[in-house]
Amino acid sequence: MLKKNRLTIFLAVAFLFISATNNHAAGDIQKVNIGIASAFESTHVQVKAAEEFKKLVESASNKKITVQIHAGGVLGGEDQITELVSTGGVEMMSGGFIPLRTFADDFFFFESPYIFKDWEHFKRVWNSSIGENARKKIIKNGNMEILGLMYRGMRHFSSNFPLKVPESLQGVRLRVPLHDSWVKIWTEVGATTVPIPLNELYTALATGAAQASEGDAEQLFSFKLYEVQDYISLSSHMVQTGQFYVNHLWFNNLNEATQTLIRKAVMQACDYATDLVKKREAETINKMGAHCKIFKDVDKKALREAATPAIDKLFEKQWVYSWEEINNL
């Protein structure tokens, strides 16, 4: 009986020791290397956010976590990078909403012109059940998890002539991202849309394959579009955001302490990037003004009204929820 009790005590102590050891291991920061890919150039805020994340996470982990940044489209455009992160070819991505279009296309109103009033409105919708359902769908269909959101500014036109009313866009070869909804919206306004990957944008404008483009100030400036375009028309037609994505299965296999550290560093990097854009958005536009003409007299209301029929159809036939639900948040 004594021997049995001793055996029971021994097994109990051994179990507690093993449990404590495992719990200690679970609390340790793991040694991992993270690759972050971006289609954007080194001066773009998406890359600056990645650099801030690298600094924060390496410092907080005492370099147990190391980060390699692959910027400037060296791993391809955003479509190619999305596929790489989804399949585990690279751990993270700092970019736009291509994964949303790829894996949750019925939520693509989050990345479409004229849907949101401003950054605060965007955040309200993103932090609601609508945004939560979009994030869940990206994980389910694409094995990609969004760890953080940042503000990148309002989107405007670049061109070789002012684009201020719907009539000025008629027949203009407007470069747009490879999004079906964007093609529908800008075609409705009157442009001839030219879907071109971001890493081919400068060349397309320089050669005349496209006559105009649209993007936030960070994009227009970092790709030096002022070298091949004469005008920046401040249309403010969309709230542009950026995201940090991670391969969900890879991230889920990290222990809790490592995940928590990475999440915290991402959120801090996103706050840093948002503050940076807010401080330098107007400054960046002014810098481009040294090379091309900044056109402020844009009829934003007329352009929005011209786009509305296409947006109504997209909500009716392609997108979940309704424009009314989004406007009421």
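One is the number of the first residue; the rest follow in order along the sequence.
Counting heavy atoms from C-beta outward, R152 and E281 have side chains that stay 4.5 Å or more apart. Taking 4.5 Å as the limit, some side-chain heavy atom of W319 sits within range of a side-chain heavy atom of S181. For the pair W182/F108, a side-chain contact is recorded, criterion being any heavy-atom separation below 4.5 Å from C-beta on. Between H70 and I36, the closest side-chain pair of non-hydrogen atoms is not below 4.5 Å. Looking only at side-chain heavy atoms (C-beta outward), F223 and L198 come within less than 4.5 Å of each other. Residues T258 and F251 form no side-chain contact, since every pair of their non-hydrogen atoms from C-beta on lies 4.5 Å or further apart. At least one side-chain heavy atom of T82 sits under 4.5 Å from a side-chain heavy atom of M144. L147 has its side chain within reach of I262: a pair of non-hydrogen atoms, C-beta onward, lies under 4.5 Å apart.
Taking the six-membered ring for Trp, F221 and H44 have ring centres at least 6.0 Å apart. Residues W126 and F97 bring their aromatic ring centres within 6.0 Å. Taking the six-membered ring where the residue is Trp, the centroids of H179 and W186 are separated by 6.0 Å or more.
Using a 4.0 Å cut-off between a side-chain N of Lys or Arg and a carboxylate O of Asp or Glu, K123 and D118 do not qualify as a salt bridge. K136 has a carboxylate O that lies under 4.0 Å from a charged side-chain N of E132, or vice versa, which qualifies the two as a salt bridge. A salt bridge is absent between K184 and E188; no separation between the charged side-chain nitrogens and carboxylate oxygens falls under 4.0 Å. The pair R263-E145 counts as a salt bridge, with a side-chain nitrogen and a carboxylate oxygen less than 4.0 angstrom apart.
Judged purely by atom type and a 3.5 angstrom limit, E83 has no side-chain atom pairing as donor or acceptor with the backbone of Q80. Using modelled atom types, no side-chain atom of S94 and backbone atom of S38 make a donor-acceptor pair closer than 3.5 Å. Judged purely by atom type and a 3.5 angstrom limit, Q268 has no side-chain atom pairing as donor or acceptor with the backbone of L56. The main-chain N or O of N327 is found under 3.5 Å from a side-chain atom of K117 such that the two form a donor-acceptor pair. Listed for the N252 side chain is no donor-acceptor partner under 3.5 Å among the backbone atoms of H248. With hydrogens and angles disregarded, no donor-acceptor distance shorter than 3.5 Å links the side chain of E52 to the backbone of A269.
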>> Could you go through F122 and F116, starting from their C-alpha distance and side-chain angles, then the distance that decides it, and tell me whether this counts as ring-ring contact (aromatic ring centres under 6.0 Å, His included)?
In response: CA-CA 6 Å; F122 187 102; F116 298 98; 4.8 Å; yes
>> One pair to check against side-chain hydrogen bond (donor to acceptor under 3.5 Å, both in side chains): N133 and Y321. What are the steps and the verdict?
In response: CA-CA 11 Å; N133 288 334; Y321 301 100; 2.9 Å; yes
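A side-chain donor from one of E325 and S322 sits under 3.5 Å from a side-chain acceptor of the other. Defined by atom type and a distance below 3.5 Å, a donor-acceptor pair is missing between the side-chain atoms of Q170 and S168. In summary, the side chains of S86 and N143 do not present any donor paired with an acceptor at a separation below 3.5 Å, with no hydrogens or angles considered. Side-chain N/O atoms of Q211 and N160 include no donor and acceptor closer than 3.5 Å. Defined by atom type and a distance below 3.5 Å, a donor-acceptor pair is missing between the side-chain atoms of Q318 and D106. Inspection of the E214 and H237 side chains reveals an N or O donor paired with an N or O acceptor under 3.5 Å.
Smallest separation of non-hydrogen atoms from A310 and I185: CB-CA, 3.9 Å. For the pair L225 and S158, the tightest heavy-atom approach, listed with the atom from each and the gap, is CD1-OG, 4.1 Å. Across every non-hydrogen atom of I138 and A104, the tightest pair is CG1-CB, 4.1 Å.
Using a 4.5 Å cut-off between side-chain heavy atoms of Ile, Leu, Val, Met, Phe, Trp and Tyr, with links allowed through other members, V183 and L163 fall into the same hydrophobic cluster.
In this structure, the separation between CD1 on I29 and CG on N255 is 6.5 Å, given to the nearest 0.5 Å. Here I232 contributes atom CD1 and N286 contributes atom CG; the two are 12.0 Å apart, rounded to the nearest 0.5 Å. Atom OG of S233 and atom CG of D297 lie 10.0 Å apart (nearest 0.5 Å). With rounding to the nearest 0.5 angstrom, the CZ atom of F53 is 9.0 Å from the CD atom of E58. In this structure, NZ in K54 is found 10.0 Å from CD1 in I34, a value given to the nearest 0.5 Å. Here CG of L276 is found 12.0 Å from NZ of K278. Values are rounded to the nearest 0.5 Å.
In this structure, F295 and Y231 have perpendicular ring planes: the angle between them is above 60°, well past the 30° mark.
For K224, the NZ atom sits in a loose shell: 12 or fewer heavy atoms of surrounding residues, nucleotides or ligands are nearer than 6.0 Å. When the shell of 6.0 Å around NZ of K64 is examined, it contains more than 12 heavy atoms from other residues, nucleotides or ligands.
None of Q240, R280, K48 except one satisfies the side chain to side chain donor-acceptor pair (under 3.5 Å) rule with E218; the exception is R280. A side-chain contact (heavy atoms from CB on, under 4.5 Å) with F109 holds for exactly one of I326, L100, L314, I311; it is I326.
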